[in-house]
Novice: 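Please see the structure below; I have some questions.
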Amino acid sequence: MGCDRFAAARVLAAYGEASEHVEGCDFCNGEVDEMREVRRLYATRPARNLTVRSKNRIVAALRRQSRLRRLRVAMMAAAMLVAVALAQSARRPVEPVRSEHAPAGAVVDVHVTEVRDRISDLEWDARPPKIYLDAALDDVARRVDLLSWDDENM
Amino acid sequence: MNDLVAGLKAGDGRAFELLLKEFGDRVYRFVARLAGPEAAEDLTQEVFLRVHRSIGSFDPSGRLGPWIFTIANNLCVDHLRRRTPPPAKGGPARGPAGMLEAKEWREALMEAVARLPEEQRRVFHLREEGGLTFREIAQVLGCPLGTALGRMHGAMQRLRRSLGARLEI
């Protein structure tokens, strides 16, 4: 004879987690008592805990891992800074414009990149459409050419 | 516990030391019973290193215990898969009259626990060594509560049979 329906309830009862049926059933109560005896006997096993040395070893390993993680983050940040610096230096000034009308040896040094940056800074608040910036750059380029032509004709 | 989780997520070294104090022995005992005492120390260290690495992904609305023991359980599973199973040991020696002393009964029980099918042994140790509730055990193993209880019931039946005469109470 068994009471399979309440097997789970008997386990719960053996661990102090309640069941009304179990308390009123002889078969269930008997099995619960036996499970409690198993638990009681198992609890007499020798304690097996981490030694102080083992705990210190684990703490040291955790600290090492933390340091490595911080180092990796620092290296990634440095790599990003280098990448940004390289990208910035790649925006070199445009080669000096040599107008065909300029006298020999006269070099008009036009830093279109710097002009673009300055226009961007000045115009940023108003944020004009790109068309206005392009028109401004074209205007600068025409003035440079006129200056070159003027130098030749003076 | 919320302060502990916050400290762990912030990478506070003292929080990890507290975590080790709270869970270190329980994890060690669970791992030692499941994977063997030789590998227990290394596996326990690996559990806490993984906790340290993954704490960012831990959902603070959950409980730390089941999460940590899930990591421990998975490591033990991997370790047992790689390891060659040790030879089965015989039962404890009996006294002249065939009766066992209390210590020998305990050894007989420990042997019987070691011989449990893996699924039952896992549930047994999560409860007895890990101190998890059955609901938490079900969460760690990814099974329904009824399944966890069924496995424990099966384990207890085998252990009761192994103790036989001693349980004629």
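Below, chains carry the letters A, B, ... as their sequence lines are ordered, and counting in each starts from 1.
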Novice: Measure up the A:Tyr42 and B:His125 rings against each other and bin them: parallel (under 30°), tilted (30 to 60°), perpendicular (over 60°).
Specialist: tilted
Novice: Is any residue of residues 46-59 of chain A within less than 4.5 Å of chain B by heavy atoms, and which ones?
Specialist: A:Pro46, A:Arg48, A:Asn49, A:Leu50, A:Arg53, A:Ser54, A:Lys55, A:Arg57, A:Ile58, A:Val59
Novice: Hey, what else clusters with A:Met76 if you join Ile, Leu, Val, Met, Phe, Trp, Tyr whenever side-chain heavy atoms sit under 4.5 Å?
Specialist: none
Novice: Under 3.5 Å, side-chain donor or acceptor atoms of residues 4-12 of chain B against the rest of the protein: list the pairs with distances, not counting sequence neighbours.
Specialist:
from: B:Lys9; atom 1: NZ; to: B:Ile55; atom 2: O; distance (Å): 3.1
from: B:Lys9; atom 1: NZ; to: B:Gly56; atom 2: O; distance (Å): 3.1
from: B:Lys9; atom 1: NZ; to: B:Phe58; atom 2: O; distance (Å): 2.7
from: B:Asp12; atom 1: OD1; to: B:Arg14; atom 2: N; distance (Å): 3.0

Novice: Can you tell which part of B:Val27 gets under 4.5 Å to a heavy atom of chain A, answering side chain, backbone, both or neither?
Specialist: neither
Novice: Between B:Leu20 and chain A, with a heavy-atom cut-off of 4.5 Å, which part of the residue counts as in contact: side chain, backbone, both or neither?
Specialist: side chain
Novice: Between A:Glu34 and A:Arg10, does any side-chain N to carboxylate O distance fall below 4.0 Å?
Specialist: no
Novice: Using a 4.5 angstrom heavy-atom cutoff, name the option from B:Asp25, B:Thr44, B:Thr133 with the most pairs to chain A.
Specialist: B:Asp25
Novice: Is the count of non-hydrogen atoms from other residues, nucleotides or ligands lying under 6.0 Å from B:Glu119 atom CD greater than 12?
Specialist: no
Novice: Could you list the residues that satisfy side chain to side chain donor-acceptor pair (under 3.5 Å) with A:Arg63, not counting sequence neighbours?
Specialist: B:Glu17
Novice: Tell me, out of B:Arg33, B:Gln157, B:Lys103, who's got the most heavy-atom pairs with chain A below 4.5 Å.
Specialist: B:Arg33
Novice: Do you know which of B:Met110, B:Met152, B:Arg127 has the most heavy-atom pairs under 4.5 Å to chain A?
Specialist: B:Arg127
Novice: Heavy-atom count check: over 12 atoms from other residues, nucleotides or ligands less than 6.0 Å from B:Arg63 CZ?
Specialist: no
Novice: Decide side-chain contact (heavy atoms from CB on, under 4.5 Å) for B:Phe124 and B:Leu159; before the verdict, give the C-alpha distance in whole Å, the side-chain angles of both, and the deciding distance to 0.1 Å.
Specialist: CA-CA 11 Å; B:Phe124 184 85; B:Leu159 297 178; 3.6 Å; yes
Novice: Count the heavy atoms belonging to other residues, nucleotides or ligands that lie under 6.0 Å from CG of B:Asp59, then report whether that count exceeds 12.
Specialist: yes
Novice: Side chain, backbone, both or neither: which part of B:Arg53 has a heavy atom under 4.5 Å from chain A?
Specialist: both
Novice: Which atoms of B:Phe30 come close to chain A, meaning under 4.5 Å heavy atom to heavy atom: side chain ones, backbone ones, both, or neither?
Specialist: neither
